[in-house]
Amino acid sequence: MTVRTRFAPSPTGMLHIGGVRTALFCWLYARRHGGTFILRVEDTDRERSTDAAVQVILDGMAWLGLTPDEGPFYQTKRYDRYHAVIGQLLQNGHAYQCYCSKTELEELRAGQMARKEKPRYDGRCRHRTEPLAGVTPVVRFRNPDEGQVVVNDIVHGPIVFDSQELDDLIILRSDGNPTYNFCVAVDDWDMGITHVIRGDDHINNTPRQINMLRAMGATPPVYAHLPMILGPDGTKLSKRHGAVSVLEYESAGFLPEALLNYLGRLGWSHGDQELFTIEELVQFFDLDAVNKSASALNPDKLAWTNQQHMMRRSGAELAPRFAWVLAQRGIETGSIDLAAVAECLKERAKTLVEMADGAAFFFADPTEYEAKAASKHLNAETAPVLVAARAALAALEGAWTAAAVHAVLESLVVILGVGLGKVAQPLRVSVAGSGVSPPIDATLAILGAAVALRRIDRAIQYAQAN
RNA sequence: GCUCCCAUCGUCUAGAGGCCCAGGACACAGCCCUCUCAAGGCUGGUACGAGGGUUCGAAUCCCUCUGGGAGCGCCA
């Protein structure tokens, strides 16, 4: 049997990190077993579904590379099918029409709550034979009222529900729209889904879906319920935690493979391994190594994971995404070699945004020097060193490379009888404006002779005046 | 309230009865390396929620409790 999984988000809110983790596991499971990954948009809530949310799902998954093999399918385009199934269910007695008003149902619920009972529909319309004039009925699924339903969950093991706990849920609203649990059952059946992998907030829906599947004559799929992802403070994920659109992570300078690596390690593990390429994730992933307890997001570890992935890419590989981040921030990069900048900054930044911050001085002369660094490294004492360095560097002319710069500074240090730091720091502050930058030889090489010498000249003037 | 789920360092996790007075990772502290910052290396502290069983032996199996979470919609 070929594995078929589906990711079924509802476009009522933005696709966030929790949804992405679910999508990732569905995708990985399909890839791992040579199966098919399907995207299905559950948009039956026409009030709250938005096109913008659908677009984020599509764009987000494309950015992450979680491309579906089939779909996207939209439930709103399958209404004919749902209505046909409901017709059958009505005909064979697995469903019936209910004329209860909303206020009547509210009263029923209130009474049950007051008696400390579990609120549920009591089936009062089950045996009604005559329509109620002037009322458009809803259709309810007739749940078996005896026996048990066993959900054989791959991550949780068997979960048993008494049928008595399940009431007759509405499958068709009075406005003609079918409801969630019903559409899911029909779709999973029609699409031949073999493994339903979703959040464990759906565990309680599962026995109902199994019952409907059986009533329709379908064999239920295998289920795997994933633990929830919580915010860094251990509470439910919310906008406050950055449960924002997954695309925000792209803007924040994360690499898709790093986000996926981090998310993969939430609720799943492969021994002590922390860093995985996408290929390794596909190779090692399996549902039996998924754990059952909820996990909290750790922004520090996500950042570390991102840095590790950046370090494993070449500057040239990083350059396009880095350029995108710079452009997004309106930074003009001129003729600076972005691949070279990324190469020497990739281990000094947790994200591409941090990289952009650290690279700012490459694209514009410092407008002022950082006070502490300037007073320490640009003063009357260091001015002569800068003058000497400037002269030695200027002699390089056309041979302005990192290696050449390095050699010049090394010999200058010997001549002056000082440590490299005595020369490097004043130069660093001169060209970068602060005491922090990549190695001075690489920094000067990237800047180019003209720009570097110009900045050093300015710094010499400043140093002599202070 | 009822039903269901969950429970190892602050966080992510390893652990499927003896290899565990519990290992790795993030974060934190110290040291080393060093032209700054990083990266890297080394060292350190902190965890099996509680109580009962089962067993020669339990983080691992069973029960109870406690604590957290989800569901109980003409939402998905």
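Both backbone and side-chain heavy atoms feed into the values below; hydrogens, waters and symmetry mates do not. Order of the sequence lines sets the chain letters (A, B, ...), proteins ahead of strands, with each chain counted from 1.
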Among the candidates [options], find the nucleotide nearest to the side-chain atoms of [X].
{"X": "P119(A)", "options": "rA76(B), rG1(B), rC74(B)", "result": "rG1(B)"}
{"X": "I159(A)", "options": "rG23(B), rC4(B), rC72(B)", "result": "rC4(B)"}
{"X": "N205(A)", "options": "rC74(B), rC2(B), rA76(B)", "result": "rA76(B)"}
{"X": "D272(A)", "options": "rG24(B), rC4(B), rA7(B)", "result": "rG24(B)"}
{"X": "N298(A)", "options": "rA70(B), rG24(B), rC26(B)", "result": "rC26(B)"}
{"X": "S269(A)", "options": "rA70(B), rG24(B), rU13(B)", "result": "rU13(B)"}

Using a cut-off of 4.0 Å on non-hydrogen atoms, how would the nucleic acid contact of [X] be classed: base, sugar-phosphate, or nothing?
{"X": "Y262(A)", "answer": "nothing"}
{"X": "T44(A)", "answer": "sugar-phosphate"}
{"X": "E42(A)", "answer": "sugar-phosphate"}
{"X": "K292(A)", "answer": "sugar-phosphate"}
{"X": "N181(A)", "answer": "base"}
{"X": "G358(A)", "answer": "nothing"}
{"X": "C344(A)", "answer": "nothing"}

Once you round it to whole Å, what is the distance between [atom2] of [N] and [atom1] of [X]?
{"X": "Y180(A)", "N": "rG71(B)", "atom1": "OH", "atom2": "P", "result": "11 Å"}
{"X": "Y223(A)", "N": "rC4(B)", "atom1": "OH", "atom2": "C1'", "result": "16 Å"}
{"X": "Q209(A)", "N": "rG71(B)", "atom1": "CD", "atom2": "C1'", "result": "13 Å"}
{"X": "K236(A)", "N": "rC6(B)", "atom1": "NZ", "atom2": "P", "result": "19 Å"}
{"X": "L230(A)", "N": "rU13(B)", "atom1": "CG", "atom2": "P", "result": "10 Å"}
{"X": "Q273(A)", "N": "rC26(B)", "atom1": "CD", "atom2": "P", "result": "14 Å"}
{"X": "D200(A)", "N": "rA7(B)", "atom1": "CG", "atom2": "P", "result": "11 Å"}
{"X": "F182(A)", "N": "rC74(B)", "atom1": "CZ", "atom2": "P", "result": "16 Å"}

Separation of the [atom1] atoms in [N] and [M], to the nearest angstrom:
{"N": "rG53(B)", "M": "rA29(B)", "atom1": "C1'", "value": "43 Å"}
{"N": "rC6(B)", "M": "rC65(B)", "atom1": "C1'", "value": "16 Å"}
{"N": "rC35(B)", "M": "rC19(B)", "atom1": "P", "value": "47 Å"}
{"N": "rC31(B)", "M": "rG45(B)", "atom1": "C1'", "value": "16 Å"}
{"N": "rG15(B)", "M": "rG71(B)", "atom1": "C1'", "value": "32 Å"}
{"N": "rU60(B)", "M": "rA70(B)", "atom1": "C1'", "value": "27 Å"}
{"N": "rC48(B)", "M": "rC56(B)", "atom1": "C1'", "value": "22 Å"}
{"N": "rU13(B)", "M": "rA76(B)", "atom1": "C1'", "value": "31 Å"}

Pairing partner of [N] (Watson-Crick or G-U wobble, both distances under 3.5 Å):
{"N": "rC2(B)", "answer": "rG71(B)"}
{"N": "rA7(B)", "answer": "rU66(B)"}
{"N": "rC20(B)", "answer": "none"}
{"N": "rC42(B)", "answer": "rG30(B)"}

Task: Letter per nucleotide, 5' to 3', of nucleotides 32-48 of chain B [B base touched, S only sugar-phosphate touched, - untouched; heavy atoms, 4.0 Å] - done: ---BBBBSS--------

Open item on the list: Looking at H156(A), I'd like to know whether one of its side-chain N or O atoms comes within less than 4.0 Å of OP1 or OP2 on rC6(B).
Closed with: yes

Task: Residue from R81(A), R78(A), R6(A) passing salt bridge (Lys or Arg N to Asp or Glu O under 4.0 Å) with D187(A) - done: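 Only one option passes, and that is R78(A).
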
Would you find a donor on one side and an acceptor on the other, under 3.5 Å apart, between the side chain of [X] and the backbone of [Y]?
{"X": "D441(A)", "Y": "H406(A)", "result": "no"}
{"X": "D286(A)", "Y": "D288(A)", "result": "no"}
{"X": "E280(A)", "Y": "T277(A)", "result": "yes"}
{"X": "D145(A)", "Y": "S163(A)", "result": "no"}
{"X": "E354(A)", "Y": "K350(A)", "result": "yes"}

Task: L58(A) and P72(A), any side-chain heavy atoms less than 4.5 Å apart - done: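 In contact.
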
Could you verify whether a donor N or O on one side chain and an acceptor N or O on the other, from [X] and [Y], lie under 3.5 Å apart?
{"X": "R428(A)", "Y": "Q425(A)", "answer": "yes"}
{"X": "S295(A)", "Y": "R265(A)", "answer": "no"}
{"X": "D43(A)", "Y": "T76(A)", "answer": "yes"}

Open item on the list: If you assign each of W268(A) and L302(A) to its closest nucleotide in RNA chain B, which residue comes earlier from the 5' end?
Closed with: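 Closer to the 5' end of RNA chain B: W268(A).
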
- [ ] Please tell me which of S293(A) and R48(A) maps to the more 5' nucleotide of RNA chain B, matching each residue to the nucleotide holding its nearest heavy atom.
- [x] S293(A)

Open item on the list: Would you call the rings of Y79(A) and H83(A) parallel, tilted or perpendicular, taking 30° and 60° as the class edges?
Closed with: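 The arrangement is perpendicular - the two ring planes meet at more than 60°.
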
TODO: Check RNA chain B against residues 107-116 of chain A and give the residues with a non-hydrogen atom under 4.0 Å, in numerical order.
DONE: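 Residues of residues 107-116 of chain A under 4.0 Å from RNA chain B: R109(A), K116(A).
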
Task: Distance-only donor-acceptor test (3.5 Å): side chain S174(A), base rC74(B) - done: yes

Task: Face-on cation placement of R313(A) at F322(A) ring, 6.0 Å and 45° thresholds - done: no

- [ ] Determine, using ring centers only, whether F182(A) and F141(A) are less than 6.0 Å apart.
- [x]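 Ring centroids of F141(A) and F182(A) are no less than 6.0 Å from each other.
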
